[in-house]
Amino acid sequence: MVEHHIQIYDTMTRRKRRFKPLNPPTVTMYVCGPTVYGDPHIGNLRTFTLGDLIRRWLEHRGYLVKYVMNITDIEDKTIRDSGNAGKTLKEFTDYYTGVFFRGLDLLSVKRATAHPRATVYVPQMIEFIQTLMEMGVAYNAEDGVYFDIDKFPRYGELSGVDIGKVERTERVASDEYDKEDAQDFSLWKKATPEEIERGIYFESPWGRGRPGWHIECSVMSKELLGDTVDIHAGGEDLAFPHHENEVAQSETVTGKKFVRFWLHMRHLMIDGGKMSKSLGNYVSFDDILDKHTPDALRYLYIATHYRRPLNFTWGNMENAQNTLNRLENTLDLIENTMKGPDDNMDYGEREKKLLETVRAEKRGFVEDMDDDFDAPDALGHLHAINGAVNEYLTEPANKGVLREAADIYGELLGVLGLFEKRSAGGDEATERLIAMITDLREEQRKEKNYAFADLIRDRLAEAGVEIQDTADGTTWKLKS
RNA sequence: GCCGGGUUGGCUGAGCGGUUUAGGCGGCCGCCUGCAGAGCGGCUCUACGGGGGUUCGAAUCCCUCGCCCGGCUCCA
């Protein structure tokens, strides 16, 4: 493993702490996943993209990351909306799980080691609840089983919420549930007649019903990653009550520390405010895909630190796309140069300067990422490398030196998850065909038949082949 | 109301007591090019939410006010 000094800001202690996994080189990481009842929106996707960034960085540092992200496939909204859609719960959630994964794939978010679905772990959840009952910290009420938070003295520690002072908000006051204390949370919900009719229930010692939401993460985390996990992450809104509840029930059952580092991602905003359907400022993932590449969105996501709110505007989106294009153009320049002639096989001042710059900037990049995954700062170093390479390429390149610089550049882009799906070109037949066409066009250019040459260029563009004339000849690439 | 986070140029985003003060995007002007694209060079923008204070010196420390965001029962 690489020597490092990774610092992570932990919500529980409210400061950055040196990161050391419990059982190196393994790192256990759990991220609260989506409830699959609709299209994921760009706020959700940011959280998961940032989780992916963190996971990639830990892997880059030599850790074996065991990464779990749950899929909540049984809960009020999935039941309600599947009913409205006239579908079974499973049909409905399977569909939206697919939509979710499609989004992750487009954004180059790597699949987790496991994506457990809540409905698959119900027996373990029942067992977990039973333990809580036996310990006397949970009670069976009219409409469900609840956790008695008075039995967990440290309740509120994670979120800083003093439950004695929580104002009795309208929502709490109008609570229709049958709990002893408004703050108690549900472990098991008893089925309604409609749910029974639709067959949406599980048998349990407390009758037919389904697990509460909080129990899911506690149980699946325990089953797949053990009693204590190194990192547990999620959107900032989950700190209270969701994560607070998880701590209470998990630590009660195991008697061990549940999570060593709590990470919370700030929310995405739109035009400086909250994104909501009712305000009419809702932007969907597909809206973005109409105008931009998924990588541009990924760049936008990571260009703002995960603990700072990201303000989405279309201007920012274009900004990100332009910046990303610049980074990609350098990849094209490198590839074209590598295919070109060997005009420089010496190691001079230019070569020395390039390698020194690239190596130094890489160190800066690594330091920044080690410091609580500070990607925005790290990007500054990436751009410095980008600039150094571009400048170097204005004159004949030493391919060996260029290769080393390019490898570092590519390595860092890879850590950020950028350009993973770059089209490398076509198959051999396509390659030769295009070479033939550009050769013929080159003849026309020599004859100064520019109108014809331009027509060829236009027609190729229509076919999705973008060509560029450079001093070393014509290059091309497939444009999606 | 309570708790927590934030407030930097056209945008994004560094800086965390004092060297040109980032970097990227945008804009402008050159170079290159038959044109286009990309790239290079130069320039522009020179800001720090308002008001006090501490200090030889503050975007950086303190006070105060404003504004924004999040949480306060199941929303990433």
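Remember, it's a predicted structure, so these values are computed and weren't measured experimentally. In what follows, chains are A, B, ... by sequence order, proteins preceding strands, each numbered from 1. Just the heavy atoms: all of them, side chains too, but no hydrogens, waters or symmetry mates, feed the values below.
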Among B:G5, B:G23, B:C74, which nucleotide sits nearest the side chain of A:H383?
B:G23

I'd like the P distance from B:G4 over to B:C63, given in whole Å.
15 Å

Just checking A:A303: base, sugar-phosphate only, or nothing, at a heavy-atom cut-off of under 4.0 Å?
sugar-phosphate

Is the A:H264-A:H243 ring centre distance short of 6.0 angstrom?
yes

Check whether the ring centres of A:F101 and A:H115 lie less than 6.0 Å apart, and answer yes or no.
yes

NA contact type, A:L268, heavy-atom cut-off 4.0 Å: base, sugar-phosphate, or nothing?
base

Looking at A:R422 and A:D295, is there a salt bridge between them, counting it only when a charged N and a carboxylate O are closer than 4.0 Å?
no

Protein-nucleotides 26-28 of chain B N/O pairs closer than 3.5 Å?
none

Check every atom of B:A14, B:G39, B:C69 against the side chain of A:D377 and return the nucleotide holding the closest atom.
B:A14

Do the side chain of A:D469 and the base of B:C35 come within less than 3.5 angstrom through a donor-acceptor pair of N or O atoms?
yes

Near-parallel close stack of A:Y450 and B:G34 base (under 5.5 Å, under 30°)
yes

To the nearest angstrom, the CD-C1' distance between A:Q468 and B:C35 comes to 13 Å

Between A:R56 and A:D52, does any NZ, NE, NH1 or NH2 come within less than 4.0 Å of an OD or OE carboxylate oxygen?
yes

Smallest heavy-atom separation, A:A320 atom then A:A296 atom, equals CB-O, 3.7 Å

From B:A14, B:G70, B:G34, nucleotide with atom closest to A:D454 side chain:
B:G34

Base, sugar-phosphate or nothing for A:R326? Non-hydrogen atoms, less than 4.0 Å.
sugar-phosphate

Classify A:R441 by what it touches in the nucleic acid, base, sugar-phosphate, or nothing, heavy-atom distance under 4.0 Å.
base

Verify whether the ring centers belonging to A:F285 and A:H41 lie closer than 6.0 Å.
no

Using the aromatic ring of A:H267 (for Trp, its six-membered ring), decide whether it stacks on the base of B:A76 within the limits of 5.5 Å and 30°.
yes

From C-beta outward on A:F240, which listed nucleotide comes closest to its side chain: B:C72, B:G70, B:C74?
B:C72

Classify the nucleic acid contact of A:T304 as base, sugar-phosphate or nothing, counting any heavy atom under 4.0 Å across all strands shown.
sugar-phosphate

Based on Watson-Crick and G-U pairs with both distances under 3.5 Å, what dot-bracket line describes RNA chain B 5' to 3', crossing pairs as [ ] and inter-strand pairs as |?
(((((((..(((.....[....)))((((((.......))))))....(((((..]....))))))))))))....

So does A:E195 pair up with A:R210, basic N to acidic O under 4.0 Å?
yes

When all nucleic acid strands are considered with a 4.0 Å heavy-atom cut-off, which category describes A:M269: base, sugar-phosphate, or nothing?
sugar-phosphate

Whole-Å distance between B:G5 P and A:R14 CZ?
8 Å

Carboxylate-amine/guanidinium contact A:R154 A:E251, below 4.0 Å
yes

Pairwise P distance, B:C45 and B:C28 [rounded to whole Å]
15 Å

Pairwise C1' distance for B:U7 and B:U60, with rounding to whole Å
14 Å

Describe the nucleic acid contact of A:R457 in one word from base, sugar-phosphate, nothing, applying a heavy-atom distance below 4.0 Å.
base

Would you classify A:P376 as touching base, sugar-phosphate or nothing, given that sugar-phosphate means primed atoms plus P, OP1 and OP2, and contacts are heavy atoms under 4.0 Å?
sugar-phosphate

What's the gap between B:G6 and B:G10 when it is taken at their P atoms, as a whole Å value?
24 Å

What does A:G43 touch in the nucleic acid at a heavy-atom separation under 4.0 angstrom: a base, only the sugar-phosphate, or nothing?
base

Using the C1' atom in both, what is the distance from B:C25 to B:A14, to the nearest Å?
15 Å

Regarding A:E75, tell me which of base, sugar-phosphate or nothing describes its non-hydrogen contacts under 4.0 Å with the strands shown.
sugar-phosphate

Interatomic distance at P, B:A47 relative to B:U8, whole Å:
14 Å

Could you tell me how the ring of A:F100 sits relative to the ring of A:F48: parallel (under 30°), tilted (30 to 60°) or perpendicular (over 60°)?
perpendicular

